[in-house]
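What you are looking at is a predicted structure, and each value in this text was computed from that prediction instead of being measured.
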Amino acid sequence: MTARDSIDLERLGAIIAAHGHMPGPTLPTLHAIQEAFGFIPEAAIQMIADAENRSRAEIHGVVTFYHDFRQAPAGRHVVKVCRAEACQAMGGEAVAKRISSRLGLDFGETAADGGVTLENVYCLGLCATAPSAMVDERLCGRLTPDKAERIVAETLS
Amino acid sequence: MSVTFHVPQDAAALAVGADAVAEAIRIEAGKRGIAARIIRNGSRGMLWLEPLVEVATPEGRMAFGPVEAEDVPALFDAGMAEGRGGLGPTEEIPFLKAQTRFTFARCGVIAPLSLSDYAAMDGWKGLARAITLPPAEIVDEVTRSGLRGRGGAGFPTGIKWKTVLEAKADRKYIVANADEGDSGTFADRMLMEGDPFHLIEGMAIAGMAVGATHGYLYTRSEYPHAIAVMEAAIGLARDAGFLGPSVMGSGRAFDMEIRTGAGAYVCGEETALLESIEGKRGQVRAKPPLPAHEGLFGRPTVINNILSLTAVPFILDKGAAAYAEVGFGRSRGTMPIQLAGNLRHGGLFEVGFGITLGELVNEIGGGTMTGRPVKAVQVGGPLGAYFPPALFDTPFDYEAFTKAGGLIGHGGVVVFDDTVDMVQQARFAMDFCAVESCGKCTPCRIGSTRGVETIDKIAAGRDVAANLQLVEDLCETMKFGSLCALGGFTPYPVLSALHHFPDDFVARQTAQAAE
Ligand SMILES: Cc1cc2nc3c(=O)[nH]c(=O)nc-3n(C[C@H](O)[C@H](O)[C@H](O)COP(=O)(O)O)c2cc1C
Ligand code: SF4
Ligand code: FES
Ligand code: FES
């Protein structure tokens, strides 16, 4: 059974309905759906369009515009590495390379076993304790390639 | 014995282990029979010292940092619980002492969600005065302070407010822009995490000033800690009557809610941000109409950076003159400058305009962390220019930076040592623009992609002179043919890299010739 087949449409409908009263409900709705399901299921797009009286194409356009919204589930762990300038200035690219080679993944990829997703992020606001990354909910600063590798290994073990 | 410890809960402190430090202090104090009260404050902004632990003593708060959890037993042995063995009084640390903290006066000092701490340090005084004034007088006070927008463009805040005040509508909005996407900036985040009622007060004053009853705080999904603190603060402020149908018993209503972005840099641009709140793709709107006339949901809207909004309580409380007294030229008041990247002393430095870039980098920032010479300093985020040390006498001032071919933006300063390759930095700027473009105009969307390809050719040493000319031409087209500053200002980092660091580019040519 794929993730797509197992979508609980009732739950999806309830989330959409719960945001119906808000002015401009689309982004809060999408965030709530992603929080609940880990991604934006295909079925959600038509349901939101119906609820908001907008076209399916419009909602699809919103989902694809924003980098945060996933159209497929992420890995069980998500590693986000900051690639922006302040982190670059402190050796962030070496950290990024080491994490990528340790995981055997390029940025934007999810491991075949669904264990982990590797992503770029452009600034976590931790620019004076750079280089930075976010491993699941955990913020990491002053990384070195070795320290980053250790944190990633701990998380995946 | 009972001792109060302060261990920041700021995201940057957490990223370097503050939670483990707090836990270690709790355990160590327990072992020694010391009743420890651990307050999780915001950050003082001396980020190279994080986790910065402070111990309350009769002589004031004593600083220790950077503290690692495993250091804690030894620190207790050396007298930490009595305030001994550390860096001495926090307020005497030169980095802090040299500042003029109007906006960040409370950040790192108070417990962020303590209404009584907030009130004890001048909290709500600006709002208390605002509710006694007619709206036009609030606006006038802000205009006279000389406050200009801290989000990048430097537009006078009072004039923006006046436009919204004079607009006729059934409803008006205040939108606080905390989308803070610029690399090297973290002031919005620190303020929301360390002094959240301050932003609420600033927004409420804006509401009173223009007759808006509802506010939106738009911030980034990359800031979950700030969002959690702000959520809690809004609830507390509402329960205490600082938000709601009758703000501080004034009979005037103002309430607010948070909206979270979804990882699009361009949504920091004010009209894209409004589109985003409305549930659309974050595409930039053509102006006119200005948001002040037709903003959120078509209503007159004040949209300000949160550092602009949080400058206002001071201005209302202490008066416009007290704010305007500090500054340089047409840049009045203070700027919370963020020192980041390769610096020994990175952090938040709030100071009156006019300090030079060289003072910031070499004196306040202490030079590079790596100990190598500074090569380039990017000021103002990914759309800001790269400055060489030859321009270090440039004063921090909107006009002076424009004259020097740059911008101060949101006040981010990112330092690079001599290992940086400016060809790669120019490429990154173009690539960032290509990735983040909202897609509305061709020069931004297509020009940046062509820019990346062309710089790749330069990096490979192919037709360097011709390709450099092509980059110059592309930049001209982007500057003049883009609707917003993403496409329009990407030429700043690109051309400054080209013009101030020609050797990096020419080296490619020489390398090629040598083959
Ligand atoms: C691509 C782009 C990104 C921007 N990002 C931000 C931002 O993150 N925060 C912000 O306050 N202003 C940002 N701005 C500037 C806003 O458009 C706007 O000028 C500002 O919010 C006005 O508030 P102020 O007058 O208080 O500065 C951005 C502009 C552009 C073109
Ligand atoms: S310059 Fe770029 S980001 Fe700005 S409106 Fe045009 S396409 Fe959109
Ligand atoms: S640039 Fe990496 S955290 Fe800001
Ligand atoms: S989409 Fe407007 S220029 Fe092509």
query = Checking side-chain contact (heavy atoms from CB on, under 4.5 Å) for the pair B:Tyr386/A:Glu85: CA distance, chi angles, key distance, verdict?
reply = CA-CA 11 Å; B:Tyr386 284 98; A:Glu85 291 92 330; 3.9 Å; yes
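- Your options are B:Arg220, B:Gln338, B:Gln283, B:Gln424, and the one with the most heavy-atom pairs under 4.5 Å with chain A is B:Arg220.
- Heavy atoms closer than 4.5 Å to chain A are found in the side chain of B:Pro224, but not in its backbone.
- Distance CZ/A:Phe65 to SG/B:Cys267: 5.0 Å, rounded to 0.5 Å.
- Contacts with chain B (heavy atom to heavy atom, under 4.5 Å) involve these residues of residues 138-157 of chain A, listed by number: A:Leu139, A:Cys140, A:Gly141, A:Arg142.
- Looking at B:Gln425, only its side chain comes within 4.5 Å of chain A, counting heavy atoms on both sides.
- Looking at B:His345, neither its backbone nor its side chain comes within 4.5 Å of chain A, counting heavy atoms on both sides.
- Of the two parts of B:Val413, neither the backbone nor the side chain holds a non-hydrogen atom closer than 4.5 Å to a non-hydrogen atom of chain A.
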ask   = What's the verdict on side-chain contact (heavy atoms from CB on, under 4.5 Å) for A:His31 and B:Arg259, showing C-alpha distance, side-chain angles and the deciding distance?
value = CA-CA 10 Å; A:His31 277 302; B:Arg259 288 299 171 95; over 6 Å; no
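- Both the backbone and the side chain of A:Pro23 have a heavy atom closer than 4.5 Å to some heavy atom of chain B.
- Between A:Glu137 and B:His225 there is no side-chain heavy-atom pair separated by less than 4.5 Å.
- Neither the backbone nor the side chain of B:Thr370 comes within contact range of chain A; no heavy atoms are under 4.5 Å apart.
- Looking only at heavy-atom pairs under 4.5 Å with chain A, the residue among B:Gly181, B:Gly17, B:Gly261, B:Gly381 that has the most is B:Gly261.
- If you measure heavy-atom distances from B:Glu257 to chain A, the contacts under 4.5 Å come from the side chain alone.
- Note on B:Ala13, B:Ala340, B:Gly346: by heavy-atom pairs under 4.5 Å with chain A, the leading option is B:Ala340.
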task = Mind running side-chain contact (heavy atoms from CB on, under 4.5 Å) on B:Phe186 and A:Thr129 for me, showing each step along the way?
result = CA-CA 11 Å; B:Phe186 44 82; A:Thr129 48; over 6 Å; no
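- Residue-level contacts of residues 108-122 of chain A with chain B, in order of numbering, are A:Val121, A:Tyr122; threshold 4.5 Å between heavy atoms.
- Using modelled atom types, one side-chain atom of B:Arg281 and one backbone atom of A:Gly61 make a donor-acceptor pair closer than 3.5 Å.
- Looking at B:Asp182, only its backbone comes within 4.5 Å of chain A, counting heavy atoms on both sides.
- Using a 4.5 Å cut-off between non-hydrogen atoms, the part of residues 372-380 of chain B that approaches chain A consists of B:Gln378.
- Contacts between B:Thr185 and chain A at a heavy-atom distance below 4.5 Å involve the backbone alone (N, CA, C, O).
- In terms of modelled atom types and a separation under 3.5 Å, the side chain of B:Ser183 and the main chain of A:Cys123 share no donor-acceptor contact.
- Residue B:Tyr265 does not touch chain A at all, counting heavy-atom pairs closer than 4.5 Å.
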query = Under the side chain to side chain donor-acceptor pair (under 3.5 Å) criterion, do A:Tyr66 and B:Ser276 qualify, and how do the steps go?
reply = CA-CA 10 Å; A:Tyr66 294 96; B:Ser276 183; 3.0 Å; yes
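- No part of A:Ser132 comes within reach of chain B, as not one of its non-hydrogen atoms sits under 4.5 angstrom from that chain.
- Sorted by first and then second residue, the side-chain hydrogen bond (donor to acceptor under 3.5 Å, both in side chains) pairs with a member in residues 8-20 of chain A form an empty list; sequence neighbours excluded.
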